[in-house]
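I have placed the structure first, in the form of structure tokens, so that the comments after it can refer back to it.
Order of the sequence lines sets the chain letters (A, B, ...), proteins ahead of strands, with each chain counted from 1.
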Number of protein chains: 4
Amino acid sequence: MPESPRPAPKAGRPRDRHIDRAVIAATLEIQEEAGYAGVSLEAVARRAGTSRPAIYRRWPGRAHLLLAAIADRLDVPEPPDTGCTLCDIGESFNVFVAAYRTIRPEVLSALYAECAPDPELRGRYLRTIVEPARQAVGRTLDRAIARGDLRAGVDRELLLDMVGSLVHYRAMFGRAHLADDEAERAIEVLLRGAAADYAALVEHSEALEREHLDRPGVRHARASRP
Amino acid sequence: MPESPRPAPKAGRPRDRHIDRAVIAATLEIQEEAGYAGVSLEAVARRAGTSRPAIYRRWPGRAHLLLAAIADRLDVPEPPDTGCTLCDIGESFNVFVAAYRTIRPEVLSALYAECAPDPELRGRYLRTIVEPARQAVGRTLDRAIARGDLRAGVDRELLLDMVGSLVHYRAMFGRAHLADDEAERAIEVLLRGAAADYAALVEHSEALEREHLDRPGVRHARASRP
Amino acid sequence: MPESPRPAPKAGRPRDRHIDRAVIAATLEIQEEAGYAGVSLEAVARRAGTSRPAIYRRWPGRAHLLLAAIADRLDVPEPPDTGCTLCDIGESFNVFVAAYRTIRPEVLSALYAECAPDPELRGRYLRTIVEPARQAVGRTLDRAIARGDLRAGVDRELLLDMVGSLVHYRAMFGRAHLADDEAERAIEVLLRGAAADYAALVEHSEALEREHLDRPGVRHARASRP
Amino acid sequence: MPESPRPAPKAGRPRDRHIDRAVIAATLEIQEEAGYAGVSLEAVARRAGTSRPAIYRRWPGRAHLLLAAIADRLDVPEPPDTGCTLCDIGESFNVFVAAYRTIRPEVLSALYAECAPDPELRGRYLRTIVEPARQAVGRTLDRAIARGDLRAGVDRELLLDMVGSLVHYRAMFGRAHLADDEAERAIEVLLRGAAADYAALVEHSEALEREHLDRPGVRHARASRP
DNA sequence: TGCTAAGCGAGACGGTACGTCCCGTCTTAAT
DNA sequence: ATTAAGACGGGACGTACCGTCTCGCTTAGCA
């Protein structure tokens, strides 16, 4: 569902939906092949078999278009609710990683760069690219807080940023994507820092692990023993 | 001293050093006034009172030029060595914040975006913009490790990234710069998570605080009591 | 009464006559203000307070519209019938001049240019713009021929073209409009060339001139004596 | 030798002469195939295998370009100097006809239409398209005047316009190009009107004709006897 | 008098061409 | 030999306008 930030007016000839799709598709293709620099509206129009004005009618510029194209493809997995805080929060990184993995890092940065100077655009970027993953992890965090697994007074937003920023940072600055063991170590640091009783969380996780064989799709954070 | 990555050949007519300076100056001015998008070599050459080829002779392109101009202006403070791990590491955020504060966030992201697709350029970016602050904080971390204040097995690089990424993330995505109290809460989380004995660190810090009045320039992380 | 070449169908909602008038008026205004180049259907529709399709429903395109608008305003004076061939034919130039004077020369040429490639349109142009004046002068010529004032075998159409072309040429290529004395000299050349007995015509004209004071509105060609 | 009204500057990279030629050639081709309306700078650039800016660097716009292209192809024959005024002036029409014949009438009118509103351009049009033929005929006229073959006081410029306008008019308004017999009749009218002694001219012409067989390339006006 | 359908008005569409900015390169003259 | 600088060839931009299509409303003519 390619969402144009320029809503199609009610009166007059209706837009050709095929063009919407073709443009989004062309944008994604070019971005994949030639990077952000290759995404000129000229090239997109050419590949989509349409004209530049047809694109401008839908999106005000390159950044809006790319944002729409990328948001269209974003798929933020819902983190599991296993009752095991350690495991669930361990999945948090995967949520972010999965979200950002669809996008080539240099495209992500270029896109943000183009959004940055325009408040409206920056807002849209945050709303479409950043927030979905952030909110997904936020829900997990809320459950942990509700269970009393985190210290009282822990700053929910800050914690979200600490997870998100780390993934984002790595997504941008390479050192490749966050490796699995790195993610585990990071979670350990964060949970030792934020949990009301870290040892209890580990205990609980292990109990669950023993109880039933790993359910598919649910990974446990195998935190190293203290 | 604007460092031209293109060394001037020995033979032939020597380069006009005034042009080096004028170009760097013009670049910084324009970047400040019109943002990254305004920095076209055309505009820089015009403002510097020279021609485009003269710039290309010195830097291979816009990104190199801007990198040189911005690196020229970067100032990374050396974090203090007070013996108080809590305080010293508390300063870490300030190091990053100070480093990034010289640069307008949207320029930072745009610059990185342009560097990203080119390995050589990305390396130069990391080396010039990211590493100085990272290494400065790294030295503080090493002292803490040497003192045995951190748990054995703590991942030094990961910790650096967790600090750096948070500042960088905020520098880019706004929610303004990291507020002081947020930084403190973040440090608390990180140190609770990474310290061998967090309570001891707090204790030690408070002892030092009582002992002598705050030395100027050294702020203490006043962690909330458990 | 702006004549729409597209007849309104009988059934259905009838056309709004106000739009006919408004469009013609807008066309003439714009043509006067901004020349032919300024007459885009877009602009006409805007000024007439209507939409482009409403215009297309009435005229097939810009040329048709302008032709209609200009024809609407054309006013070809009827050349006098004084019995004095010299005088009457002397008026011929004025007929053409007057006919073309209503239209700015550059509009005239542009309009014709747009009509030229399309036979149907060119025919309409000739019929509406060229022929009226041509026929008016033709009638004068016929009277002269009937009176036997022209040599037998003189090519009526060619003569008409020689008068018309000269005025048209000057109207287009400036050297300003044909000055009065130039017109007289031209008539002298043409009549000396075409008359059966030029001297007799001059004689007759002068006789009439002596007989009665100049009637208003009738100028005599005061041909220089041989 | 495609003459660019934009003179190539002395300094800097010199223009690619191949582009000059290719653009002129493409312009003429398109004009021939698709008429004036088809000559968009876009199309010319495409066909010439170059870019729009390259054209704009040489000519300020479509009209200048077409003017240059057409002038490039204009070939005005030099009217003969046979000593026979009747013959020589008889050739005058051919000079004009030949000059205009290279250009499709509707292109001629469209070109002029675009030149008309701009004084500079109109001047250039007159200078490049109209004057060459006009001057050639003017030289013939001057010889006739020098020989005393024309009446004293005949308006040289007016006569030139009467010849030129007739051809031009026909070239534009079709009724096809001036037919040979029409031209002869027109010349007869003009010379009867302008000659000091028309009968003597005819006499002289016929004497020459008897004397030597028609020289190739020289046609005699066989004026009908009164 | 109420219903139907043709034609109307207007708005927006898809697309061509425009004239301009900037890029990266080449050429000449000067040092 | 290499500089400084001007201009080049070309890619892409964002806009004006074209000619067309679609909508919803109006209105004449038929039931």
Side-chain angles (χ1 to χ4, degrees), chain A residues 6 8-16 18-19 37-46 48-58 60-62, chain B residues 8-16 18-19 37-46 49-58 60-62, chain C residues 8-16 18-19 37-46 49-58 60-62, chain D residues 6 8-16 18-19 37-46 48-58 60-62:
Chain A
R6 292 244 169 117
K10 57 213 91 185
R13 173 173 170 181
R15 278 186 195 149
D16 186 343
H18 294 86
I19 292 186
V39 181
S40 64
L41 291 213
E42 173 80 14
V44 171
R46 198 156 39 226
T50 184
S51 64
R52 234 159 331 113
I55 302 182
Y56 279 110
R57 229 167 268 126
R58 291 166 169 78
R62 182 166 69 155
Chain B
K10 56 210 85 183
R13 172 173 167 183
R15 274 186 198 153
D16 185 344
H18 294 86
I19 293 186
V39 181
S40 64
L41 291 212
E42 175 82 14
V44 171
R46 198 155 40 223
T50 183
S51 65
R52 235 160 331 116
I55 302 182
Y56 278 109
R57 228 167 275 124
R58 291 165 169 79
R62 180 165 72 156
Chain C
K10 55 209 87 185
R13 171 175 170 183
R15 275 187 197 150
D16 186 343
H18 294 86
I19 292 186
V39 181
S40 65
L41 291 213
E42 175 82 14
V44 171
R46 198 155 42 223
T50 184
S51 65
R52 237 163 326 119
I55 302 182
Y56 278 108
R57 227 168 275 125
R58 291 164 169 79
R62 181 167 68 156
Chain D
R6 292 244 169 116
K10 58 214 89 186
R13 173 174 171 181
R15 280 188 194 147
D16 186 343
H18 294 86
I19 293 186
V39 181
S40 65
L41 291 212
E42 173 81 15
V44 171
R46 197 155 42 224
T50 184
S51 65
R52 235 159 328 115
I55 302 182
Y56 278 110
R57 230 168 266 125
R58 291 165 168 78
R62 182 167 68 156

Less than 4.0 angstrom between a side-chain N/O of R58(A) and OP1 or OP2 of dG14(E), yes or no? yes
Taking every non-hydrogen atom, the tightest pair across R62(C) and V39(C): CD-O, 2.9 Å
So how far is it from R57(C) CZ to S51(C) OG, rounded to the nearest 0.5 Å? 6.5 Å
Let me know, please, whether V39(C) or V39(A) comes out on the 5' side of the other along DNA chain F by nearest nucleotide. V39(A)
Calculate the interatomic distance between R15(B) atom CZ and dA4(F) atom P; express it in whole Å. 7 Å
What's the separation between atom OG1 in T50(D) and atom CD1 in I19(D), rounded to the nearest 0.5 Å? 4.0 Å
With heavy atoms under 4.0 Å as the rule, sort G49(C) into base, sugar-phosphate or nothing. sugar-phosphate
Would you kindly give the CD-to-P distance between E42(A) and dG15(E), to the nearest whole Å? 14 Å
dA10(E), OP1 or OP2 - any side-chain N/O from T50(C) closer than 4.0 Å? yes
Using whole Å, report how far CD1 of I55(C) lies from C1' of dC8(E). 15 Å
With nearest nucleotide decided by heavy atoms, which residue, G38(A) or A54(B), maps closer to the 5′ end of DNA chain F? A54(B)
Atom pair distance, as rounded to whole Å: CG in D16(C) and C1' in dT27(F): 13 Å
Taking all atoms of both residues into account, what is the closest heavy-atom pair of G38(D) and A43(D), and its distance? O-CB, 4.0 Å
Using whole Å, what does the distance between atom C1' of nucleotide dG11(E) and atom CZ of R6(A) come to? 16 Å
Can you list everything that forms a side-chain contact (heavy atoms from CB on, under 4.5 Å) with R15(A)? Sequence neighbours excluded, please. S4(A), R6(A), A8(A), P9(A), R17(A), R58(A)
Using a cut-off of under 3.5 Å, enumerate the N/O to N/O pairs linking the protein to nucleotides 19-21 of chain E.
residue, atom, partner, partner atom, Å
dG19(E), OP2, Y56(D), OH, 2.3
dG19(E), O5', Y56(D), OH, 3.2
dG19(E), N7, R52(D), NH1, 2.6
dG19(E), O6, R52(D), NH1, 2.6
dG19(E), O6, R52(D), NH2, 3.4

So which protein N/O to nucleotides 29-31 of chain E N/O distances come out below 3.5 Å?
none

For R46(A), report the nucleic acid contact type (base, sugar-phosphate, nothing); a contact means any heavy atom under 4.0 Å. sugar-phosphate
